[in-house]
Amino acid sequence: MNRQFFSVAIDGPAGAGKSTIARKAAASLGFVYVDTGAIYRTVACAALRSCADPSDRTSVEAILPNINIQLDWQEDGVQHMLLDGEDVTSEIRRPEVSGLASVVSAIPAVRQFLLDTQRNVAKTHNVIMDGRDIGTVVLPDADVKIYLSASAEVRAKRRWLELQERNRSDTYEEVLKDMQERDWRDMHREIAPLRQADDAIAVDTSALNLEESVSAIEKIIREKLTL
Ligand code: DC
């Protein structure tokens, strides 16, 4: 296939640092960073607004034909999410939206509905796209595929430190348990479960700091770009 644009797929479990690392690498390469989790979060936001029971599969499916989701990159370099024209970029980070995003992302009709939205960005831009199924389902022909992970203990420690900074009282043990449960759900769902694509390069960031992780990813991408 003769494609005009270069695409990088980064998948991995929650808390591996995908979004921070991908955003920094994209800025340095001049690529567009696509946070696909934000797109699932936007569907969750729509369900919260429009469904009497937002965790009911049938009611979520029913709203899909009527919602319009757009990605918009403004001068701040942030990927803004528009739901029916309204900027919901902050709203999608609320805890109730996070919880529901994991529920709606397991609905096959939702995943199908979002496929074109994600693929269209890669057809028109050089992208680094992060998620759970980018290298396996969304962009199976991506030029570079990276599976970014770290041990559950390291990921939980990073998340716990973030929460401490926000003066949250969650214990490390609670954060670790939550991380392990999310891993299990992401890896065992029926549709598009999280797994390393056969042709993905595995990068374990357990022993790397942020700068070292970004350099490792950039090195892999730049090597492929110069081939
Ligand atoms: O990465 P995140 O926490 O913003 O993702 C929100 C939810 O969407 C999370 O529960 C996993 C799901 N997701 C997915 O199923 N597939 C993707 N490509 C990206 C996210």
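Just so you know, ligand 1 is whichever comes first in the structure, and atom 1 is the first atom listed for that ligand.
Between Arg185 and ligand 1 there is no heavy-atom distance shorter than 4.0 Å. The shell of residues lying under 4.0 angstrom from ligand 1, judged by heavy atoms, includes Arg189.
Close approach of ligand 1 to Ser105 (heavy-atom distance below 4.0 Å) involves ligand atoms 12 (C), 15 (O). Counting the atoms of ligand 1 from 1 in the order shown, those under 4.0 Å from a heavy atom of Arg182 are 3 (O). Heavy-atom proximity to Ser102, at under 4.0 Å, picks out these atoms of ligand 1: 10 (O).
Side-chain heavy atoms closer than 4.5 Å link hydrophobic residues (I, L, V, M, F, W, Y) into clusters, and following such links, possibly through other members, connects Met129 to Leu114.
For atom 7 (C) of ligand 1, the nearest non-hydrogen atom of the protein is Ala101 CB, 3.9 Å. Ranking the protein heavy atoms by distance from atom 8 (O) of ligand 1 puts Tyr40 CB, 3.6 Å first. In terms of protein heavy-atom proximity, atom 20 (C) of ligand 1 is closest to Gly37 CA, 3.6 Å. Among protein heavy atoms, the minimum distance from atom 16 (N) of ligand 1 is reached at Arg111 NH2, 3.0 Å. Thr36 OG1, 3.3 Å is the protein heavy atom nearest to atom 19 (C) of ligand 1.
The shortest N or O to N or O distance between Asp186 and ligand 1 is not below 3.5 Å. On a distance-only criterion, Arg132 and ligand 1 share at least one N/O pair closer than 3.5 Å. Inclusion of Gln118 in the set of residues having an N or O under 3.5 Å from an N or O of ligand 1 is not warranted. Between Arg41 and ligand 1, at least one pair of N/O atoms sits closer than 3.5 Å. Taking any N or O of Asp133, backbone or side chain, at least one lies under 3.5 Å from an N or O belonging to ligand 1.
Here the side chains of Glu153 and Tyr172 are in contact, with some heavy-atom distance below 4.5 Å. Residues Ile21 and Lys24 have side chains not in contact (no heavy-atom distance under 4.5 Å, counting atoms from C-beta outward).
Exactly one residue among Lys18, Arg158, Arg155 makes a side-chain hydrogen bond (donor to acceptor under 3.5 Å, both in side chains) with Thr205. That residue is Arg158.
Between Asp199 and Lys224 there is no salt bridge, since none of the side-chain N atoms of the basic residue sits less than 4.0 Å from a carboxylate O of the acidic one. Salt bridge status for Glu174 with Arg168: absent, with no side-chain N to carboxylate O gap under 4.0 Å. We find that Lys219 and Glu223 are joined by a salt bridge, their nearest charged nitrogen and carboxylate oxygen being less than 4.0 Å apart. Remark: Asp170 does not engage Arg159 in a salt bridge, criterion side-chain N to carboxylate O under 4.0 Å.
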Open item on the list: Using side-chain contact (heavy atoms from CB on, under 4.5 Å), reason through Ile67 and Phe113 one step at a time and then give a plain yes or no.
Closed with: CA-CA 11 Å; Ile67 59 178; Phe113 173 73; 4.0 Å; yes
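One distance of note links CD1 of Ile134 with CG of Leu139; it measures 6.0 Å at 0.5 Å rounding.
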